[in-house]
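Notes for the one structure printed next.
Below, read A as the first sequence line, B as the second, and so on, with proteins coming before strands; counting in each chain starts at 1. All values derive from a computational prediction rather than experimental measurement.
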Protein chains: 2
Amino acid sequence: MLMIGDLARRTGTKVNTIRFYEEIGLMPKAVRTSGGRRIYGEPQARQLGFIRHARELGFSVEEIRSLIALSANPDQDCNEAGAIARRHLASVEDRITRLVALRDALSAATRSCDGGRISDCRVMEAITIMPA
Amino acid sequence: MLMIGDLARRTGTKVNTIRFYEEIGLMPKAVRTSGGRRIYGEPQARQLGFIRHARELGFSVEEIRSLIALSANPDQDCNEAGAIARRHLASVEDRITRLVALRDALSAATRSCDGGRISDCRVMEAITIMPA
DNA sequence: CTACGATCTACAGTCACTGTAGGAGCAAGC
DNA sequence: GCTTGCTCCTACAGTGACTGTAGATCGTAG
């Protein structure tokens, strides 16, 4: 169905990254053509899509691995998935708080810069006074 | 004033990381005691605090380097600082959007998990349907 | 003076990729 | 049939931003 390059384009992943995911076991070993080339289908495309989303959103490879394992036998403990989600929820909320503060500081800083006087430039200060 | 360990505790940085910042030139070469130990004062503590904030908020070392250089001669081009800020503003806003969506999905997932039926667990789906 | 913790240098290891070298598969055009 | 040119292959080195470890030295409290 899909060559590795097609899959890469479809999911916005580098070819090397897909091979890397196979190597570390995040993606299953791909079926090969007689010529030795990896071929993929829809299930693999969906799994890779999931991995990319999760990575972009700050999940570590180990967390993704456990989520995939969990979904492989969904009759198993739901609490484990819930625990993973809860652990992330707190840190996601913290990141949102700090990013909103940064956004406000950055937009204020760019506004004062646009206005023009050099002495009005508060970019450094805006960033420096960010909450921890 | 401050030994490297004190500075580390005050800024929530690892001792090795402070030495690393000195090595790559993010922090100035520290003044040493006769015994060869690094000593720091308030300006260094503030600079390290700035670096940590900026790192946590997703600025790369190179960007931080340019911001520090900028603040060293603040009579210089304000537009450059503004450009750095603006470049970040867009990506910060994008990250906020996606994280808010993730937060909602995660909290929905944990709620349905708490409720208890295993078949109700939607953690994988919640994450998978995240917007790119 | 000795024991102990903090610091020193130097370097190897980690995580999650990313890039490169050198070779092979394969469809299209001559 | 042969060449051109693209995609793919393996294998491995490099990146960014740290983090950890080994072995030596400093400095102070008991």
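In this structure, the side chain of B:Thr97 engages the main chain of B:Glu93 through a donor-acceptor pair within 3.5 Å. The backbone N or O of A:Leu7 lies less than 3.5 Å from a partner atom in the side chain of A:Thr11, making a donor-acceptor pair. Within the 3.5 Å criterion, the main-chain N or O of B:Ile68 finds no donor-acceptor partner in the side chain of B:Gln47.
OP1 or OP2 of D:dT19 lies within a sub-4.0 Å distance of a side-chain N or O belonging to B:Thr17. The phosphate of C:dT7 (OP1 or OP2) has no side-chain N or O of B:Arg32 nearer than 4.0 angstrom. The side chain of A:Arg52 places an N or O atom within less than 4.0 Å of a non-bridging phosphate oxygen (OP1 or OP2) of C:dC17. A sub-4.0 Å separation between OP1 or OP2 of C:dC8 and a side-chain N or O of B:Arg38 is present. Close to D:dC18, at under 4.0 Å from its OP1 or OP2, lies no side-chain N or O of B:Lys14. Between C:dC17 and A:Tyr21, a contact under 4.0 Å exists linking OP1 or OP2 to a side-chain N or O. Distances shown here put a side-chain N or O of A:Arg55 below 4.0 Å from the OP1 or OP2 atom of C:dC17.
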query = Step by step, would you call B:Tyr21 with B:Arg55 a side-chain hydrogen bond (donor to acceptor under 3.5 Å, both in side chains)?
reply = CA-CA 12 Å; B:Tyr21 285 158; B:Arg55 283 296 298 132; 4.6 Å; no
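When every heavy atom of B:Gly5 is checked against every heavy atom of B:Val15, the shortest pair comes out as CA-CG2, 4.1 Å. Between B:Met3 and B:Thr33 the shortest heavy-atom distance is CE-CG2, 4.1 Å.
At whole-Å resolution of the value, CE in B:Met27 and C1' in D:dC18 are 16 Å apart. In this structure, A:Ile18 places its CD1 atom 12 Å from P of C:dT18, rounding to the nearest Å. The CD atom of B:Glu23 sits 14 Å away from the P atom of D:dT15 (whole-angstrom rounding). When rounded to the nearest whole Å, the span between CZ of B:Phe59 and P of D:dA17 equals 13 Å. Between the CD atom of B:Glu62 and the C1' atom of D:dG16 there is a distance of 10 Å, rounded to whole Å. Regarding A:Ile39, its CD1 atom lies at a distance of 16 Å from the P atom of C:dG25, rounded to whole Å. The nearest whole Å value for the distance from the CZ atom in B:Arg9 to the P atom in C:dG5 is 14 Å. The nearest whole Å value for the distance from the CD atom in A:Glu22 to the C1' atom in C:dA16 is 17 Å.
Among D:dG20, C:dT18, C:dA16, the nucleotide with an atom closest to any side-chain atom of A:Val61 is C:dA16. Listed candidates were D:dT10, D:dC8, D:dT19. Nearest to the side chain of B:Asn16 is D:dT19. Among the nucleotides D:dC18, D:dT10, D:dG27, the one closest to the side chain of B:Thr33 is D:dG27. Considering only the side chain of A:Arg37, D:dC9 comes nearest among D:dC9, D:dT19, C:dC8. Looking at the side chain of A:Phe20, the nearest of the listed nucleotides C:dT18, C:dT9, D:dG27 is C:dT18. Of the listed nucleotides (D:dC8, D:dC18, C:dT7), C:dT7 has the atom at the smallest distance from the side chain of B:Met3.
If you find the closest nucleotide of DNA chain C to B:Gly36 and to A:Gly36, the one lying nearer the 5' end belongs to B:Gly36.
As judged by a 4.0 angstrom heavy-atom cut-off over every strand, B:Arg19 is placed among the base-contacting residues.
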